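Computed from a prediction, not measured in an experiment: that's the story for all the values here. The sequence lines fix the lettering, A, B, ..., with proteins before strands; numbering per chain opens at 1.
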Amino acid sequence: MTTRTAVHWFRKGLRLHDNPALLEAIKHAEENKCFFRAIFIIDPNIIKFMKVGSNRWRFLAQSLVQLNENLIAINSRLYVVRGSPYTVFPDLFKLWNVSVLTFEVDTEPYSVTRDERVEKLAEKAGVKVIQKVSHTLYNVHTVVRMNGGSPPLTYQKFLSVIQLLSNPRQPLKAPDKLNDYTKPHIDSNELASKFCYDCPTIEDFGVEVTELGPCLFPGGETEALQRLDATLVRKQWICKFEKPNTSPNSLEPSTTVLSPYLKFGCLSPNLFYYKLKGIIDNNVHTKPPVSLIGQLLWREFYYVVAAMTPNFNKMEGNSICCQIPWVNNLTYLSAWKEGRTGYPFIDAIMRQLKQEGWIHHLARHAVACFLTRGDLWVSWELGQEVFEEYLLDADWALNAGNWLWLSASAFFHQFFRVYSPVAFGKKTDKNGLYIKKYVPELVRFPPEYIYEPWKAPVSFQKSVNCIIGKDYPNRIVVHEDVYKENIAKMSLAYKNKRAVHEVSLKRPSTSELHAKNKKAK
DNA sequence: GGAGCAGTTGGTGCA
DNA sequence: CTGCACCAACTGCTC
C-alpha cells in the first residue's frame, strides 16, 4: 500500500498565515505520517472566457510565486495543476492516493456549485473533505440565522446582528516547518506528466505584456504583510480614519490599498481585524461605518447579503434590486470605459483604473454614479463588468453590492443625491493635479478650466495645443440637464416599485385562497 | 399601523 | 474655511 496524501486546495486564501484549512491538512499528514501536497488548479480552457484584465492576472501570478516560496520555506511546495477540477480531482485522488482534501469556504455562487461537485467526486473516491471559513470574519450562514433566516439589509442592522455573535476567530500562525516524511518523492514520470506543477507565467494566462500597466501593487502574501505593517505603524491615522474624509484624487492612495490582498486572501481579514483592534482599543478612535474596521465590516455585510440573494449581480430576478429601465447605449459605455467622456475628473479616474488596477472608493462612487443614475443612464451591470475586468480587488460580492448601492438599486435610496462630475473632485484637488497626471492632454489648463475644459476660450485652447472636440473630447452629455431628467426617471422607477409591492401585498396568500375555495363550496 | 428618524461619503448658496 | 438651510423627498427600521 502506497503512502496516503493529505491535500490542501488553494483557490482564494493564497497565504500561509491564518489558514485553518491548510493547517488541517498538515495536521492530518503529520498525525498519520502521510504525504502533504498543496495544490492550485488552473483550467486553461476557461481562462480566456474569464473577465480578468492583464493587471489582475499578473497579481495572481505573483501571488502564486510567493505562495510557492513561502511553502518551500516550510519544507513543502505548491503543485500547480492544469485542467478542470472535475477531471483533475478524480485523477489526483488515484495518482496520489488521497485520503483528505481541505479547502477554504467560498460563498460565491459559482464556487458553491463547483465545490459541491468536487465534494461528490471526493465522496465517490473515499476522500474526506474538510472546509473552513477564513475568507470572512463571520460565517455568513450564522449571521443569517441570527437575523431570523434572512440577511440584514442595512449596515446598522448587520452591526446589531454581529454584536450578538461571539467575536471573530483569532488569527492562526503560519505552519511550522513540515517533517521530511510529509514530502512526497516525485519521479521524472510525474514531473513530465500533463500536470507540470510549475507556477504559471503571465503568458500562461494569455496576457500581452504590452497591455500591462505599471506594477504599483505586486501580488502575494509577503507583499500583503509588508503593506499591512506599513499601515499599522500609523496608529494615529488609524484611530482617526474616516472614509468620507479621505481623498479620491490624491496622487498617492489616501487609503490602505489592502483590498487586492483581501480579495485573493493574501491577507487574512481576521489578522487585519485584530491588529486594528489592538491599536484602537484604549485609544480615542472612530467607529463603523466610517472607521477602518468599519470598512472590513462593509465587506462582511456584502458577503452575507450576496450569499443569500439569488441573482445578486443582476437586476432581473434580484429580489432586493429596484427594476430600472436603463438604456444600454454602447457609445456611452465605451466612452466611459476608455476615459473619454469629456469630463476630465471622470476620465482621469477611468484611465487610472485601466492603467493601475486600483482607484479610491469615492472615485468609484463618482464614476459609477456618472455611468448610471447620474448622467449616462447605462445599466450598473455593464459598469460592474468593466470593474470586474480592471480592478485588482474585483470581488464578486463587493462589486455587485457597491454597484447596487451607487445606482440606488438597493441599500441606498436617496437617488436625488447626485455626484457632480465637476464639483466633487474640486473639493480635494482644486488645481486638478490628479487630472493632469492621468489626462496629460489637459496638462496646461489652469484650475478655472481643468474640470470644465469646454469653457476655455478657443483662443486659449489653440494656445495650449489642445482643442476640445479634437485633442480631448467634448463632454458627451450636459450634466446640468441630464441629471435632472434622470432623477425624474428614478422617481418613476421607485413609484413603480411601490405599486408592484402593494399589488403583491394585496394578493391573497395561498391559505387565504384555500379558505375562499372552501367557502365557495 | 403610522409617524418620526436615520441613513458611510451631494450640491448650492449664504452667513 | 466652516457650518447651515435648502433642494425635493427615497427606504427601512423603531416605537
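Residues A:Ser134 and A:Glu104 bring a donor and an acceptor atom of their side chains to less than 3.5 Å of each other.
Using a 4.0 Å cut-off between a side-chain N of Lys or Arg and a carboxylate O of Asp or Glu, A:Glu211 and A:Lys354 do not qualify as a salt bridge. Salt-bridge check for A:Glu385 with A:Lys314: failed, with every basic side-chain N at 4.0 Å or more from each acidic carboxylate O. Salt bridge status for A:Glu356 with A:Arg56: absent, with no side-chain N to carboxylate O gap under 4.0 Å. Comment: A:Asp106 engages A:Lys12 in a salt bridge, judged by a side-chain N to carboxylate O separation of less than 4.0 angstrom. Ion pairing of A:Glu108 with A:Arg11 is absent here, as no side-chain N (NZ or NE/NH1/NH2) approaches a carboxylate O to less than 4.0 Å. Salt-bridge annotation for A:Glu338 and A:Arg340: present, with a side-chain N of the basic residue lying under 4.0 Å from a carboxylate O of the acidic one. Taking the charged nitrogens against the carboxylate oxygens, A:Asp229 and A:Lys275 have no contact shorter than 4.0 Å, which rules out a salt bridge.
Closest to the side chain of A:Tyr494, from the set C:dT11, B:dT9, B:dG7, is C:dT11. Counting only heavy atoms from C-beta on, A:Lys157 has its side chain closest to C:dC13 among B:dT9, C:dC13, C:dT11.
Nucleic acid contact class of A:Arg498 (heavy atoms, under 4.0 Å, all strands): sugar-phosphate only.
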Represent DNA chain C in dot-bracket notation, 5' to 3'. Only Watson-Crick or G-U wobble pairs with both distances under 3.5 Å count; pseudoknot-style crossings use [ ] and interstrand partners use |.
.||||||..||||||
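Between the C1' atoms of B:dC5 and C:dA9, the separation comes to 14 Å (whole Å). Between B:dA3 and C:dC7, the distance separating the two P atoms is 22 Å to the nearest Å. Of the C1' atoms belonging to C:dC15 and B:dG1, the separation is 11 Å, rounded to the nearest Å.
Regarding A:Tyr302, its OH atom lies at a distance of 9 Å from the P atom of B:dT8, rounded to whole Å. To the nearest angstrom, P of B:dT9 lies 13 Å from CG of A:Asn402. Distance NZ (A:Lys489) to C1' (C:dC10): 18 Å, rounded to an integer number of Å. Summarising the geometry, the separation between NE2 on A:His360 and P on B:dT8 is reported as 17 Å, rounded to the nearest angstrom. Between A:Phe415 atom CZ and B:dT9 atom C1' the separation is 19 Å, expressed in whole Å. Taking atom CG of residue A:Leu406 and atom P of nucleotide B:dT8, one finds them 13 Å apart after rounding to whole Å. The separation between A:Ile320 atom CD1 and C:dG12 atom P is 10 Å, rounded to whole Å. Rounding to whole angstrom units, CD of residue A:Gln414 and C1' of B:dA6 are separated by 9 Å.
Residue order along DNA chain C, read from the 5' end via each residue's closest nucleotide, puts A:Ser491 first among A:Pro152 and A:Ser491.
Taking the 5.5 Å centre cut-off and the 30° plane limit, the aromatic side chain of A:Trp298 is classed as stacked on B:dT8.
By the side-chain hydrogen bond (donor to acceptor under 3.5 Å, both in side chains) test, A:Tyr303 pairs with A:His135, A:Asp395, sequence neighbours left out.
OP1 or OP2 of B:dT8 lies within a sub-4.0 Å distance of a side-chain N or O belonging to A:Gln156.
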At under 4.0 Å between heavy atoms, which parts of nucleotides 10-15 of chain B does protein reach? Answer with one letter per nucleotide, 5' to 3': B base, S sugar-phosphate only, - none.
BSS---
Between A:Phe411 and A:Tyr302, does the ring-ring contact (aromatic ring centres under 6.0 Å, His included) criterion hold? Intermediate values first, please.
CA-CA 10 Å; A:Phe411 307 119; A:Tyr302 284 132; 5.6 Å; yes
